[in-house]
Amino acid sequence: MRTSWADSADNSANGSGNTNASACPPRGAYVPPHLRNRTLSSEAPPPPPAAHPAPLPVNDRVNHGGQVTHQGGYFKADHGRQQQQQGYGSSFQSGGWNGRGVGRERGRREVNPFENDEAEDLSISEQENTGINFDAYDDIPVETSGENVPPPVNTFAEIDLGDALNQNIQRCKYVKPTPVQRYAIPISLSGRDLMACAQTGSGKTAAFCFPIISGIMREQYNQRPRVARTAFPLALILSPTRELSCQIHDEAKKFSYQTGVKVVVAYGGAPITQQLRELERGVDILVATPGRLVDLLERARVSLQMIRYLALDEADRMLDMGFEPQIRKIVEQMDMPPPGIRQTLLFSATFPKEIQRLASDFLSSYVFLAVGRVGSSTDLIAQRVEYVLDSDKRSHLMDLLHAQRETGIDGKQGLTLVFVETKKGADALEHCLCVNGFPAASIHGDRTQQERELALRSFKTGNTPILVATDVAARGLDIPRVAHVVNFDLPNDIDDYVHRIGRTGRAGKMGLATAFFNEGNLSMAKPLADLMQEANQEVPAWLTRYAARATYSGGHRNRRSGGSRFGGRDFRKDGSLNKGTTDFHGGGTGGGYGNYGGGYGQGVTSAWD
DNA sequence: AAAAAAG
């Protein structure tokens, strides 16, 4: 049976190598629903087949705190050759509040990172730009655990961050700290290590940048080694994608404006020479992706021996299988000071227990902090699931986009972010949309860095209000005005789903997330249904039926599957799994909800268990 | 099996 024009187009266009995905129809072939005469396949999915018992996931990995192999000396005294290197210097002679040459940066005037904000203020409506909607932050559940957790603050004024930083906070129009900031900043300022679960878009970057900048300004780091052409940053911030590193860098520049604290970014796909030049001019905070940093370390253009602060953004991704070896190399096998000497801050919106266990290798007597997600688990993101066959996905997507265009989902052009599984799929879908008159761009790891950045810019400005993306765009990216996230292909991991839909409903604004589900996503049925239920979303009856089968299709292909879906729980509290050294089992210690002044009692909802 | 991250 032919279910849509997409099927008929399947054979005609694009005869090469296009396997199962339906090919694009010829130009202008899109026909809006009301002009068509067909039944949408999403109306009545086939019933799920008979149930069979699902195997229990095996989960008995125990990881006792890894031996830290630190290779001596944080300071090699004798690396001679004190070149009067032009440019490499200001960090040597400074210290104390604002003692770092405010406003002048080695002869080069510091660019005002707030300059463009004025222009944006005018182009974007008032309401759009007032930053975070704080009403949405009331009644957010917060959990802390660990020994002697420093109490939260209610205002920035309560914290002694220094004048320069306070001015930048004002310039950023931050009025009061978000929940994650209220807790994380005092904890970090007190010198404690931190593992924090908090949705991006809730002010996470500032939560780890403020204490780092403040700490660097406060201390007297006037003794840095002088090795020709080697940079000695005091803080390292790692993130899993280049675009995210750029974004963190941009934010950190704002926060450190006129503080004298120098922020440099290093990532792959861009010419290294410029990054090397920046590093030679001196660096206090280095923001980087792992690959490029390893390159710089091997070239001895960067040394980590002066690192006092290490922050991992999207920490669970950084410690996932693909990244873990590189991260261990950087953190444990180069010259970085060990936990306890440096301060380590881990942030992510999701934190599976297995990853928490790995992460504890990097931490010393840390505080665990979980802040209820601003987007996903509240009403801010309306989640929908629709049953759509692969062959119908394209036409169905265009129906959605078409309807959206007519109704104007939020007045003016809301942006739509479409996630697909593969890079090839992203290219194909982008082409298909463009050919059918939907202005789309695409971003994925096989495109050049230039193309990636162009696509992102074009999306942000609304020039191409549709962006087709792989998971490269799933995490951390702060794109205002994303009104709709479409999971054209569902991910295989519910945490990835959480991060993807988190691109909308940011900073307290509303968002919509639509997922296309079919028989190819059986393993997601239960986690998805559970997640939606916990978020008070309407779960279609057919999805509940699929979920009831509770398939774990073959063992533990999902290493993160296991218990608490929201990752909002300290794995150290999980007695049966915890045979390790750091057991804070007596959970009452200073943690819990006692410190929270806000209006929620024990009414912490299912999201936290 | 896929994506990301060095060149």
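Lettering of chains follows the sequences in order, A, B, ..., and the numbering in each one begins at 1. Just so we're clear, the structure is a prediction, and the values are computed from it rather than from any experiment.
Under the ring-ring contact (aromatic ring centres under 6.0 Å, His included) criterion, Phe362(A) pairs with no residue at all, not counting sequence neighbours. Applying the side chain to side chain donor-acceptor pair (under 3.5 Å) criterion to Lys423(A), with sequence neighbours excluded, gives Asp446(A).
Considering only the side chain of Thr470(A), dA4(B) comes nearest among dA1(B), dA4(B), dG7(B). Closest to the side chain of Phe323(A), out of dA3(B), dA5(B), dA6(B), is dA5(B).
A sub-4.0 Å separation between OP1 or OP2 of dA2(B) and a side-chain N or O of Lys424(A) is absent. A close approach under 4.0 Å does occur between a side-chain nitrogen or oxygen of Arg242(A) and OP1 or OP2 of dA6(B).
Atom-to-atom, CZ of Arg292(A) to P of dA4(B) comes out at 17 Å; the value is rounded to the nearest Å. Ile272(A) places its CD1 atom 14 Å from the C1' atom of dA5(B), with the value rounded to the nearest Å. Distance Asp313(A) CG to dA4(B) P: 18 Å, rounded to the nearest Å. As a whole-Å value, the separation of Gln275(A) CD from dG7(B) C1' is 13 Å. One interatomic measurement links the two molecules: CD of Glu421(A) to P of dA4(B), which rounds to 10 Å at whole-angstrom precision. Rounded to whole Å, atom C1' of dA4(B) lies 15 Å from atom CD of Glu324(A). In this entry the distance linking OH of Tyr497(A) with C1' of dA2(B) reads 20 Å, nearest Å. Rounding to whole angstrom units, CG of residue Asp496(A) and C1' of dA1(B) are separated by 13 Å.
Ring centers of Phe419(A) and Phe488(A): at least 6.0 Å apart, outside the cut-off. Taking the ring centroids of Phe517(A) and Tyr546(A), they lie under the 6.0 Å cut-off.
If you check every strand for non-hydrogen atoms under 4.0 Å, Arg452(A) touches sugar and phosphate atoms only.
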